[in-house]
**Q** 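Just dropping this structure here.
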Amino acid sequence: MGLLSKKDAALIKDPLFDNNPITIQVLGICSALAITAELKASIVMAIAVLFVLGLGNVVISLMRNIIPSKIRIIVQLVVVAALVIIVDLVLKAFAYELSKTLSVFVGLIITNCIIMGRFEAFALANSPWQSFLDGIGNAAGYGVILIIVGFFRELLGAGTLLGFPVFGDPIEKTGLYQYGYENNGFMLLAPMALITLGVIIWVQRSRNKALIEDH
Amino acid sequence: MEYLELFFKSIFIDNMIFATFLGMCSYLAVSKKVTTAVGLGAAVIFVLAITVPLNWLLDQYILQPGALKWLGTEYADYDLSFLSFILFIATIATMVQLVEIVVEKFSPSLYNSLGIFLPLIAVNCAILGGSLFMQSREIPTLGLATVYGVGSGIGWFLAILAIAAIREKIRYSNVPPALRGLGITFIITGLMAIGFMSFGGMLTGGDEEETTEEKTAVIQSKQNDNVTLSASDSNRNETSQDKEETKAIADNNTKVVE
């Protein structure tokens, strides 16, 4: 990483695990749970948030000295809404089936707490390049969790990855299915996303004792 | 009848938290004490009850394809639906500001205990989600949109109330250290979501996978020659009253169920 200073590189690396927006900062949970039943949807959502957060951070950071404090939430909302409209229209034009799967959750990127959270916490007080890196880092952290959850849910729930059958064909009973393995259809349903995320948090906190809350 | 049905559907079956996971951030953050959870839940019900009908009016008369024909026939071709996001969020932000002013005036203690979370309702996915689902499910009338808003709010309120009560109790339980706080809350919410799935059969009273064509075909064949029903809905003995209800449910299902 020769072209980024240590501080800048940390802006990208920290949100990946140590300061992960979903599991540590507890932001952006809604979409992480709802659309991860397919790996493809998770990847597309991660890319969408990358675009909106990266570009949004830069725009807000460029405007940070001219936004009056009283209306800053409204300005932030307008910037995010405009970027999300672009994402929504691009998706509808180039990946119509996927936009139907994602349905309202593309619009809900507007209220994704990560985006507003990073605007408030970082972009309003830092330079555009650093805000861009921070945006990329947090979106990457969000994307990592989404892809992990989507991976397990699709693999265990439907036996496929990105639509390609991995364990064999369940109807023809080839591959693993001839030994009696069955897809756990429950993984595709809403509650299992919550439990998968709980397990990920469990693993993460066991490895990093500093994160454990004490009651 | 369809009002009551939509009301129960939006509280239990399409529960904002357990079925579609909207509003999780404030749900997790505010559920440590029952009193603040009740306050936030009430605020969410109020905001949803106001914004969903308002956004329905916006959608009906400005945003939908062909909605502008009340201005004049030359505007009938306009499709402004790409502006939905911005207009919905603008209405929501305004309404939340109003609620904040009202709460500050009439209940300063609630205002102080909610703190930053009251303005954060504006970016709560549940509020925008309520309006977006109202739009995508094409809810037909203003009354139904209001019922949907109030019902969704009550569903969210129930969820946050339940999890706050449970979290207060498990503070004295022996939770593994790495699961304490956030981890166990996720797992408990997952278990509650499984519990709420049991409401799925509540309204249709049986086979949910029938399509509308099947249902109307069945109804017509019943009307024509009293043919015994096929195995898939043999558990339904339909009288003429039930037939009308089934038709209403079937019609509702096309638009209001995803």
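A, B, ... follow the sequence lines: proteins, then strands. Residue 1 opens every chain.
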**Q** Measuring from A:Ile195:CD1 to B:Thr189:OG1, what's the distance to the nearest 0.5 Å?
**A** 9.5 Å
**Q** Given side chains that start at C-beta, do those of B:Leu182 and A:Arg205 come closer than 4.5 Å, heavy atoms only?
**A** yes
**Q** Going from CE on B:Met197 to CZ on A:Phe186, what distance comes out if it is rounded to the nearest 0.5 angstrom?
**A** 5.0 Å
**Q** Select one option (side chain, backbone, both, neither) describing which atoms of B:Ala19 are under 4.5 Å from chain A's heavy atoms.
**A** backbone
**Q** Side-chain atoms of residues 73-94 of chain A: list all donor-acceptor pairs with protein atoms under 3.5 Å, sequence neighbours left out, distances to 0.1 Å.
**A**
residue : atom : partner  : partner atom : Å
A:Gln76 : NE2  : A:Glu120 : OE2          : 3.1
A:Asp88 : OD2  : A:Lys92  : NZ           : 3.3

**Q** Please state whether the side chain, the backbone, both or neither of A:Ile200 comes within less than 4.5 Å of a heavy atom of chain B.
**A** neither
**Q** Would you give the length of the straight line joining atom OG of B:Ser26 to atom CD1 of A:Ile29, rounded to the nearest 0.5 angstrom?
**A** 11.0 Å
**Q** Can you tell me how far the OG1 atom of B:Thr20 sits from the CG atom of A:Leu108, to the nearest 0.5 Å?
**A** 9.0 Å
**Q** Grab the two heavy atoms, one from A:Pro191 and one from B:Gly190, that are nearest each other, plus how far apart they are.
**A** CB-O, 3.3 Å
**Q** What is the distance from atom CE of B:Met24 to atom CG of A:Leu194, rounded to the nearest 0.5 Å?
**A** 5.0 Å
**Q** Tell me whether the count of non-hydrogen atoms from other residues, nucleotides or ligands lying under 6.0 Å of CZ in A:Phe51 goes above 12.
**A** yes
**Q** Just to be sure I understand the criterion: a residue of residues 84-98 of chain B counts if one of its heavy atoms is under 4.5 Å from a heavy atom of chain A. Which ones qualify?
**A** B:Phe85, B:Ile86, B:Ile89, B:Ala93
**Q** Using heavy-atom distances under 4.5 Å, tell me whether B:Leu128 contacts chain A through its side chain, its backbone, both, or neither.
**A** both
**Q** Give a yes or no on whether B:Phe46 atom CZ has more than 12 heavy-atom contacts from other residues, nucleotides or ligands under 6.0 Å away.
**A** no
**Q** Quick one: pull up CZ in B:Phe186 and CH2 in A:Trp202 and give me the separation to the nearest 0.5 Å.
**A** 15.0 Å
